[in-house]
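See below for the structure under consideration.
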Amino acid sequence: MSLSHGRPYLAIPGPSVMPDAVLRAMHRASPNIYEGELHEITASLVPDLKAVAMTDSNVAIYIGNGHAAWEAALANVLSRGDTVLVLATGRFCIGWGEMAAGMGAKVETIDHGAQSPIDLARVEEVLAADKDGRIKAVLAVHVDTSTSVKNDIAGLRAVMDRAGHPALLMADCIASLGCDRFEMDAWGVDVMVSGCQKGLMTPAGMSFVWFNEKARAARGNCVTTYWDWRPRVDPEMYFQYFDGTAPTHHIFGLRTALDMIKAEGLDNVFARHEKLAQIIWAAFDRWSSEGPMHLNIADPAHRSHAVTSVVIGSPNGDALRHWCEHKCGLTLGIGLGRSPADGYFRIGHMGHVNAHMIMGALGTIDAALKALHIPHGKGALEAASQLVATA
Ligand SMILES: *Cc1c(COP(=O)(O)O)cnc(C)c1O
């Protein structure tokens, strides 16, 4: 029988669960795009978008997904023939690098594989060896959503400074913004990209590029009119013209989502994500105590608080996801970047997620492991419940 009828839980690493308040804010007639409320709300988004990124620098808003922000960020700083250093820790930084290559950049990649964070010592060597500063930008993903690794972005800035290297530090925070602590200015990040559909709890369709004055000055020859970030940070130009029609309903939705983050408090948002992630890890510690199942990232200090990649160790990943969805109404994320034989899947726990949802997801996975006879240790739900009880 199916027990799935009721409210579904989309536990994939983006899009995330959309709050009813955000959906309600979007459920309205089309507004006047030439004057009035829409312009005021758009202006109000700017300081709050800077606040979630902990920066005083600029933020450009685009109508597009994360890939659009990737392209916008690269296009504004690169010239054809420039070299970029890609610090791959999963699929996503590789994808960003492929986009740079498509723009005519030379791409050098340090590939850390699918289970390890950026090796800062190795990056320092590569940068120190680049005596004439050929590398124009270093591309890093804060949380790589395929592997669920979290990279030390502040540490990356420290080794760039130690190597005395002038490259721009560009970070992808599409999976981490509003989930894992990220401090753009304190950590010395020059360019950061994110989207609205993960930690920012708004239906996919808006993305953002934050950039400082160093990045603005780095201007190359790849940028075309639509992607140019300069008019987008000029209120006279942007709020008036928006390079076309404003993403009307998204603006209302994002306003509400940012209000929710403000009301909870950014530190509390980070603390909630951290605790919920620890509850998930506690369950996996028990499940992994028998059989080949394990979390993809061994070191908790390098695990994302927004997404968790799991290796079952048998080709049962798809069967487990399908069981959870059809039997119980829980949709888990597909595995990215590993062979199906490993039984790889991901749990998204970003944004509008609380303890009862996580306990429900863990209970469902526990049932799936039993139903599908996937080897696992006992006591996972007990361990998770203990952590909730003492939170
Ligand atoms: C989701 C994601 C992307 C891609 O964003 P889209 O909106 O799907 O284009 C890029 N990088 C990371 C780290 C992501 O999590």
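Keep in mind that this is a model prediction, so the values were computed, not measured. Whatever order the structure lists them in is the order used to number ligands and atoms, beginning at 1.
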(message) Can you work out which protein residues put a heavy atom within less than 4.0 Å of ligand 1?
(response) N65, G66, H67, W70, F92, V141, V143, T145, D172, I174, A175, Q197, K198
(request) Using the test ring pair (Phe, Tyr, Trp, His ring centres under 6.0 Å), find all partners of Y344 that sit at least two apart in sequence or belong to another chain. (result) none
(request) Output all residues satisfying ring pair (Phe, Tyr, Trp, His ring centres under 6.0 Å) with F182, sequence neighbours left out; order by chain, then residue number. (result) H142, W187
(message) Using the salt bridge (charged side-chain N to carboxylate O under 4.0 Å, His left out) criterion, which residues pair with R181? Sequence neighbours excluded.
(response) E183, D267
(request) Run the ring-centre check on W229 versus Y62 and record whether the distance is less than 6.0 Å. (result) no
(message) Are W281 and F284, when compared by the centres of their aromatic rings, separated by less than 6.0 Å?
(response) no
(message) I'd like to know if L330 and M18 are part of one continuous hydrophobic network [Ile/Leu/Val/Met/Phe/Trp/Tyr, side-chain heavy atoms within less than 4.5 Å].
(response) no
